Structure formats: structure tokens, C-alpha cells
Amino acid sequence: MTCPDGESIERLNRLWAQLLHGMSRQGRRSDAIAAYYEVSAVLESELGIEPRPARPLLATSTAELRAATETEFVELLRTIRTRSGLSLPEIHRRAGSVLPRSQVYSLLKRGKLPTKPEQVRAFVSTCGLSEPQVARVMELWATLREQTELAVRGPEDDKPFAILIVRSA
């Protein structure tokens, strides 16, 4: 399909991507997100084209992938979802059976560290993170999971021990 002036839809799409990416890099993410939704609506209503996710447009930078607590991790997941431009039902649809619909909502609502790594991976992959970024999120998840388990179990030195009393005759 081509535009009236001869440029392809693909070229137009790339130009919009560059504009949105530039806005995002200048710290104007809310403007970029609003523009993305506007372009998506036009593509869908005027041309009947289902817009692709904003994978390269509003991507989360690797430097932003930080979380020192469970709450920060859940907030990071919320940020990733917002920047993806995908609705929660859309994430479920694209992730398939790995990520049940109820779990998509649960990942973002309960404020606790998710328990299933495959669901975290499916969520962030579906939201458009690159493989190195997915690996970074999974590393964060594993570190926080380990910290949580240590807090529940306690350090190894606190384990009970037996005392053997030897009596001499």
C-alpha cells in the first residue's frame, strides 16, 4: 500500500518512529506516548492497519532497568507496560497460554514479586524489550527472589544445632 504522494506506509511508519523516539530521548515521553496513540488511531480508523507495538519507539532504556525492592520491581513492570502502549488484554492475547489473563493483571496490581519467572519473561518480551533487556529484568527478578527467600529462611548461621555431651567415666 502506498500513500498518495508515492511514499510507502512503511517509510511513513519509520518517520513517525524517528519522531517519537526523538521525543522520548528528549525526556518528552508523555508527549511521545500521546503522539503514538494518535498515530495508532489514525492508522486503524483511516487505513485499517493494526498498529505494531511501539517496540523501538518508546523503549525502556537498559539504564532504567533497576529495582532494589519488590515494590520497585512491580513499578518497573508497570512502566514497561505503559511504554509498550499495549493494554493488559492485548498483552495476554499476544503472550498466549504462558500468561493467563488474570496473571497479567496480578503482575501489576498486587505489589509483590511475581513467583513464576516464565510469566515475567513472557510479560516483558511481549511488551517489546530486547533480549538483553529481558535478561536484565530476569536478573533483577532472580536477585530479588533470592533476597526474599533469605529473609524468609534466615541466614545459614541461624540454623539450630545439636550439642553432644560426652561424660567421662
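The figures that follow rest on heavy atoms only: side chains count, while hydrogens, waters and symmetry mates do not. This is a predicted model, so every value here is computed, not measured.
- Atom CD of Q147 sits about 9.5 Å away from atom CG of L113, to the nearest 0.5 Å.
- The line from CG of L129 to OG of S84 is 9.0 Å long, rounded to the nearest 0.5 Å.
- Residues in residues 111-120 take part in no salt bridge (charged side-chain N to carboxylate O under 4.0 Å, His left out) pair, two or more places apart or across chains.
- Scored by the side-chain contact (heavy atoms from CB on, under 4.5 Å) test, R101 finds P89, H92, Y105 as partners (sequence neighbours excluded).
- In this view, S106 and Q103, R110 satisfy the side-chain contact (heavy atoms from CB on, under 4.5 Å) rule, not counting sequence neighbours.
- For the atom pair L99 CG and F123 CZ, the distance stands at 7.5 Å (nearest 0.5 Å).
- The salt bridge (charged side-chain N to carboxylate O under 4.0 Å, His left out) test applied to E75 returns R78, not counting sequence neighbours.
- Annotation: side-chain contact (heavy atoms from CB on, under 4.5 Å) contacts of R121 (sequence neighbours excluded): S125, E131, V134, M138.
- Of all heavy-atom pairs spanning W141 and V120, the tightest one is CD1-CG2, 4.0 Å.
- In terms of hydrophobic clustering, with Ile, Leu, Val, Met, Phe, Trp and Tyr side chains grouped at heavy-atom distances under 4.5 Å, V74 and L86 are assigned to different clusters.
- Partners of S130 under the side chain to side chain donor-acceptor pair (under 3.5 Å) rule, at least two apart in sequence or in another chain, are Q133.
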Assess whether salt bridge (Lys or Arg N to Asp or Glu O under 4.0 Å) is satisfied between R83 and E64, documenting all intermediate values. CA-CA 12 Å; R83 292 187 185 163; E64 293 174 295; 2.9 Å; yes

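- Going from atom CZ of R66 over to atom CG of L76 covers 9.5 Å, rounded to the nearest 0.5 Å.
- Linking Ile, Leu, Val, Met, Phe, Trp and Tyr whenever their side-chain heavy atoms come within less than 4.5 Å leaves V124 and V98 in two separate clusters.
- Partners of E72 by salt bridge (charged side-chain N to carboxylate O under 4.0 Å, His left out), not counting sequence neighbours: none found.
- The structure places CD1 of I80 at 10.0 Å from CD1 of I91, a figure rounded to the nearest 0.5 Å.
- Contact between A68 and L144 at its shortest, heavy atoms only, is O-CD2, 3.4 Å.
- For R81, the salt bridge (charged side-chain N to carboxylate O under 4.0 Å, His left out) test picks out no residue, with sequence neighbours left out.
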